[in-house]
Student: 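Before anything else, here's the structure in question.
We count residues from 1, following the sequence as given.
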Amino acid sequence: MPDRIPSEWAPVHRVNNIEQLTAAMKIWQAAGIIGVDTEANSFFAYHERMCLLQVSANGEDWIVDPIEMGEDLKAMVPLLADPSVIKIFHAAEFDLMILKKDLDVEVRGLFDTQVAMTLLRHEKTGLAALIQSYYGMELSKKEQRSNWGKRPLSEEQIAYARIDTHFLVDLHGRLTAELKEADMMAAAEGEFFRQETEILVAGPPDPERYHKMKAARGLDPESLARLKEVFFWREKVAQQRDVPLFRVLANQGMIDIAKQAPSSIKELAEIKGMGWKQAKRYGEDILNALGEAQGKRIEIVVPKVSPEERRRRRVMRENLDEMRNWRKSMARELDLPSERLMHRRHLEAICRARPQSSEELNAVVQLNDWQRENFESSLLAKLEALPDPEQA
């Protein structure tokens with residue numbers, strides 16, 4: 001980040017109440033095109049939330065405070081959902097997810113500068129690389145994992161946040177022109193539509209996911225019972241303190257505790273990743289959790305699979321490998337990253353359904369115009385050659 005914001009930039013606007021937001025939205029609506037970004041407290045809270053929302057329009061920058069605004073921030077929903085107002089994000093997936101989670105809005109009118117960069121075959125697609133390439137401004141990563149939920153925000157945080165959107169409107173103009181010149185606008189619009197309509201929102205925590213941990217697979221039944229109790233204890237503490245799980249106890253620490261079954265705070269402190277500070281803070285509770293597991297055993301029962309089902313699953317895995325290889329080959333031919341050719345989830349859905357015609361294919365995944373033009377026939381030919389798992 002530069003030592004200071006350039007003097008020619010207008011002062012940043014702070015939006016902390018509904019009156020300020022209403023005034024700002026009139027400007028954004030009239031502009032018809034805005035740069036947008038969000039900051040969350042992912043590294044500092046169990047209950048992740050949007051802590052900052054940045055908007056740029058007409059060469060000016062606004063910092064909206066969701067913590068101060070509370071429910072009043074939902075006044076932005078109609079604007080965000082209005083397809084006539086272009087919203088420019090960089091790497092929009094997380095922003096769309098947290099806007100959906102916190103405001104229950106699905107953004108329309110999306111333009112993602114990172115998608116545009118990949119379709120234009122930029123080697124580096126990060127926002128810092130983009131800004132340096134087009135504007136010669138070198139950005140610092142110092143505030144990347146800043147605690148955006150903490151108040152007051154520092155001047156460095158404000159500067160970092162406003163730079164994230166300041167150039168987006170101008171970049172939209174530049175990248176749009178380049179996409180049209182490269183005949184990639186249809187491909188970009190297809191991906192923007194997919195992002196708008198396939199927003200991933202995390203589900204509730206799975207209380208049984210302790211045995212899905214990779215390191216848990218080799219635990220004996222007694223150790224697995226201990227892991228379960230320590231896992232539940234960690235989940236409860238993280239929720240109560242509203243901190244990420246790793247800030248209570250790392251996964252490897254839980255595994256080591258489950259294996260070693262310490263019986264005193266001293267033994268607990270000697271486990272790698274614990275230390276005296278953590279042992280003194282949580283020792284009694286962890287020992288109590290281990291006590292709850294005393295005499296218990298957890299057996300992970302692997303259901304028996306018939307030879308026919310094993311063959312079916314093998315063919316499905318092989319088919320998916322073939323489809324992935326097809327995507328890589330087509331991506332090389334078109335000189336594009338594989339994920340811009342077709343999203344992984346779409347590829348997997350198509351592989352499962354094995355459609356044999358254009359109509360069947362688009363009933364599974366609706367290809368955009370660019371995809372149909374560039375590889376639909378190749379995709380259908382590949383699908384026709386795949387064996388049927390039900391008959392293999």
Side-chain angles (χ1 to χ4, degrees), residues 93-94 96-97 100 115 118-119 187 190-219 221 224 227 231 251 255 298-392:
E93 186 172 5
F94 175 79
L96 298 177
M97 181 182 72
K100 173 66 176 175
V115 168
T118 58
L119 292 173
E191 181 63 4
F192 299 156
F193 177 76
R194 184 196 68 77
Q195 289 177 300
E196 288 179 349
T197 54
E198 294 186 6
I199 301 170
L200 294 179
V201 177
D206 177 6
E208 298 299 318
R209 72 183 186 276
Y210 67 92
H211 61 72
K212 297 176 184 176
M213 296 168 61
K214 187 176 180 180
R217 295 173 191 168
L219 295 182
L224 197 56
L227 176 63
F231 180 92
N251 283 352
I255 296 294
I298 295 178
E299 302 272 2
I300 297 179
V301 179
V302 180
K304 290 184 178 181
V305 179
S306 69
E308 293 77 14
E309 177 62 15
R310 281 199 297 272
R311 281 195 295 273
R312 191 185 74 84
R313 292 181 185 182
R314 174 180 54 77
V315 173
M316 289 182 69
R317 289 194 301 270
E318 291 171 351
N319 282 354
L320 185 55
D321 286 341
E322 284 293 315
M323 292 299 295
R324 287 168 177 158
N325 289 334
W326 168 84
R327 186 176 68 159
K328 287 178 185 176
S329 176
M330 288 301 303
R332 282 195 299 270
E333 188 176 319
L334 294 168
D335 190 23
L336 290 172
S338 294
E339 69 272 14
R340 291 293 170 245
L341 193 76
M342 176 178 285
H343 195 277
R344 170 185 55 80
R345 290 193 300 275
H346 288 187
L347 190 76
E348 291 170 355
I350 290 169
C351 186
R352 285 192 300 270
R354 293 179 57 256
Q356 300 296 300
S357 68
S358 181
E359 292 75 16
E360 290 178 3
L361 172 61
N362 283 279
V364 179
V365 171
Q366 190 171 3
L367 301 185
N368 60 55
D369 291 343
W370 179 85
Q371 289 172 319
R372 280 194 292 271
E373 180 182 342
N374 282 275
F375 58 75
E376 183 185 62
S377 59
S378 171
L379 175 57
L380 286 169
K382 185 66 183 178
L383 288 165
E384 187 178 0
L386 294 179
D388 184 348
E390 302 302 330
Q391 298 178 7

Student: Could you go through the side chain to side chain contact (heavy atoms under 4.5 Å, CB included) check for Gln371 and Glu376 one step at a time?
Tutor: CA-CA 6 Å; Gln371 289 172 319; Glu376 183 185 62; over 6 Å; no
Student: Calculate, to the nearest 0.5 Å, the distance between atoms CD and OG1 belonging to Gln366 and Thr197 respectively.
Tutor: 9.0 Å
Student: Rounded to the nearest 0.5 Å, what's the gap from CD1 on Ile300 to NE2 on His211? Could you check?
Tutor: 6.0 Å
Student: Give, for atom CG of Leu334 and atom CZ of Arg340, the distance between the pair rounded to the nearest 0.5 Å.
Tutor: 14.5 Å
Student: Could you give the distance from CZ (Arg345) to CG (Leu347), rounded to the nearest 0.5 Å?
Tutor: 12.0 Å
Student: Using only heavy-atom distances, determine whether the side chains of Asn368 and Glu191 contain a donor-acceptor pair under 3.5 Å.
Tutor: no
Student: Side chain to side chain contact (heavy atoms under 4.5 Å, CB included) between Asn362 and Arg372: does it pass, once the steps are laid out?
Tutor: CA-CA 10 Å; Asn362 283 279; Arg372 280 194 292 271; 3.7 Å; yes
Student: Taking atom CD of Glu339 as the centre, report whether more than 12 heavy atoms of other residues, nucleotides or ligands fall under 6.0 Å from it.
Tutor: yes
Student: Identify the heavy atoms of Asp388 and Val315 that sit nearest to each other, and give their distance.
Tutor: C-CG1, 4.5 Å
Student: Between Trp370 and Phe375, how do the two ring planes meet: parallel, tilted or perpendicular, split at 30° and 60°?
Tutor: perpendicular
Student: Under the side-chain contact (heavy atoms from CB on, under 4.5 Å) test against Trp326, which residue among Leu379, Leu386, Leu383 passes?
Tutor: Leu379
Student: Flag the pair Leu380 / Ser357 as yes when at least one side-chain heavy-atom distance between them is below 4.5 Å, and no otherwise.
Tutor: no
Student: More than 12 heavy atoms of other residues, nucleotides or ligands under 6.0 Å from CD of Glu93: is that the case?
Tutor: no
Student: Give me the atom names and distance for the closest heavy-atom approach of Glu384 to Gln356.
Tutor: CA-OE1, 3.4 Å
Student: Decide side chain to side chain contact (heavy atoms under 4.5 Å, CB included) for Leu336 and Leu119; before the verdict, give the C-alpha distance in whole Å, the side-chain angles of both, and the deciding distance to 0.1 Å.
Tutor: CA-CA 6 Å; Leu336 290 172; Leu119 292 173; 4.1 Å; yes
Student: Can you measure from CZ (Arg311) to OG (Ser306) and round to the nearest 0.5 angstrom?
Tutor: 8.0 Å
Student: What distance do Cys351 atom SG and Lys382 atom NZ have between them, rounded to the nearest 0.5 Å?
Tutor: 10.5 Å
Student: Hey, is CD on Glu360 packed in by over 12 heavy atoms from elsewhere, all under 6.0 Å?
Tutor: yes
Student: Please report the closest heavy-atom contact between Pro355 and Ile350, naming both atoms and the distance.
Tutor: CD-O, 3.3 Å
Student: Nearest heavy-atom pair of Leu96 and Gln195: which atoms, and what distance?
Tutor: CD1-O, 3.6 Å
Student: Counting only heavy atoms not in Phe94, do more than 12 fall under 6.0 Å of its CZ?
Tutor: yes
Student: Per the side chain to side chain donor-acceptor pair (under 3.5 Å) rule, which among Arg194, Glu198, Arg327 passes with His346?
Tutor: Glu198
Student: For side chain to side chain contact (heavy atoms under 4.5 Å, CB included), just list the numbers for Glu309 and Arg313, CA-CA rounded to whole Å, side-chain angles, deciding distance to a tenth of an Å, and then say yes or no.
Tutor: CA-CA 6 Å; Glu309 177 62 15; Arg313 292 181 185 182; 2.8 Å; yes
Student: Which heavy-atom pair separates Met342 from Leu367 by the least distance, and what is that distance?
Tutor: CE-CD2, 3.8 Å
Student: Which atom pair, heavy atoms only, marks the closest approach of Ala349 to Val364?
Tutor: O-CG1, 3.7 Å
Student: Donor-acceptor check, side chain of Asn251 to backbone of Met213, threshold 3.5 angstrom: yes or no?
Tutor: no
Student: May I have the step-by-step check of salt bridge (charged side-chain N to carboxylate O under 4.0 Å, His left out) for Glu390 and Arg312, ending in yes or no?
Tutor: CA-CA 6 Å; Glu390 302 302 330; Arg312 191 185 74 84; 3.6 Å; yes
